[in-house]
Amino acid sequence: MQIVFLGTSGSWPTPKRNVSAVAIKRGPEVLLFDCGEGTQRQFMQSPLSFMQVSRVFLTHFHGDHFLGLPGMIQSMSMNGREVPLEVYGPRGIERLVSDLLSLGYFTPGFAVKSKELPPGGEIDCGEYTVRGVEAVHTVPCLSYVLEEKVRPGKFSLDRAEALGIPSGPLFSRLQSGETVRVGDRTIRPEDVLGPARRGRKIVYTGDTMPHEALLEFARHADVLIHDATTDAALEDKANRYGHSSSRQAAEIAKEAGVGRLILTHLSPRYEEPATILEDAKKVFPNVQVAEDFLSIEVPYPE
Ligand SMILES: [Zn+2]
Ligand SMILES: [Zn+2]
């Protein structure tokens, strides 16, 4: 799984940073979290393509998080897209998407399906789920968690051999959880598989102040991508506008016991993110400030 930061600025873009968008590539699929203005062009400078996007998750309807959507949909259509696009968001998403698609003379050549995700709501995507939790911002806003389902344990060739199971199709049937017969014996999957292995967990907060529910939501995430609009010196100001300081993001990361913390949505006032990083590092050392096009690999935990 690969996370690519396509926009890391809050409110408006700067020469170095575009507005919010985070792409997660998982297998052939790209999931897009937020789609600030110019996201389609950011894609072109990244290793990913906007044509691979299957689902878009908007955190909220401040312009720096969604204004790139109509342009990207138009380009998808002109590039011959036929498969439907799913767009999720907090309450009001259906109205927003229908308004965006009725601008000008454009009608997409594929279905754009918008769907509200209520706080606590979950989408089952087969091998993984995406869940939302209400963020604390100035308008309705969701934080999202992408969580893979548990995978079967490791197949033990030694144990299979000891049990006299011939290699071949029986192996894959056991691996996929089936009980099989060898001669007059019954072999159960647990006879040859180790303990089930957990999948990966990625949390994207969108715009939010720190709050209690986020702790449980982010618990033991492999990666926490957190609003860090300001450094600690401007914390009060950040909170007044429904944002977090990097220090507060680090507190959440520490208390939730996450693997690594990536800070994003920097206020355009910071030309250099040094103080943002320092303030977080004092609390949680495994932290990084995202730059546009930062790409990180998230390996399976085991
Ligand atoms: Zn924002
Ligand atoms: Zn906002």
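In what follows, every heavy atom counts, from backbone to side chain, and hydrogens, waters and symmetry copies are set aside. The first residue in the sequence is number 1, and the count goes up from there. Indexing begins at 1, ligand by ligand and atom by atom, following the structure's order.
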Point to revise | the Zn ion (ligand 2) to nearest N/O/S of His65 less than 2.8 Å | key: no
Exercise for review: Could you grab the distance from atom CG of Asp222 to atom CD of Glu147, nearest 0.5 Å is fine?
Suggested key: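 These two atoms lie 9.5 Å from each other.
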Under 3.5 Å side-chain donor-acceptor pair for [X] and [Y]:
| X | Y | answer |
| --- | --- | --- |
| Ser156 | Asp158 | no |
| Thr208 | His137 | no |
| Thr275 | Asp231 | yes |

Practice item. Kindly report the ND1-the Zn ion (ligand 2)-NE2 angle for His62 and His137 respectively, rounded to 10°. Key: 90°
Exercise for review: Specify whether an N/O/S atom of Asp64 falls short of 2.8 Å from the Zn ion (ligand 1).
Suggested key: yes
Practice item. Examine all N, O or S atoms of His243, backbone included, and report whether one is under 2.8 Å from the Zn ion (ligand 1). Key: no
Point to revise | Main-chain N/O of Glu148 paired to Arg26 side chain as donor or acceptor, under 3.5 Å | key: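 Judged by distance alone, no pair lies under 3.5 Å.
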Check your understanding: Looking at His265, which of its N, O or S atoms is the nearest one to the Zn ion (ligand 1)?
Key ->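 Answer by atom name: NE2.
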Check your understanding: By atom name, which N, O or S atom belonging to Asp207 lies closest to the Zn ion (ligand 2)?
Key -> OD2
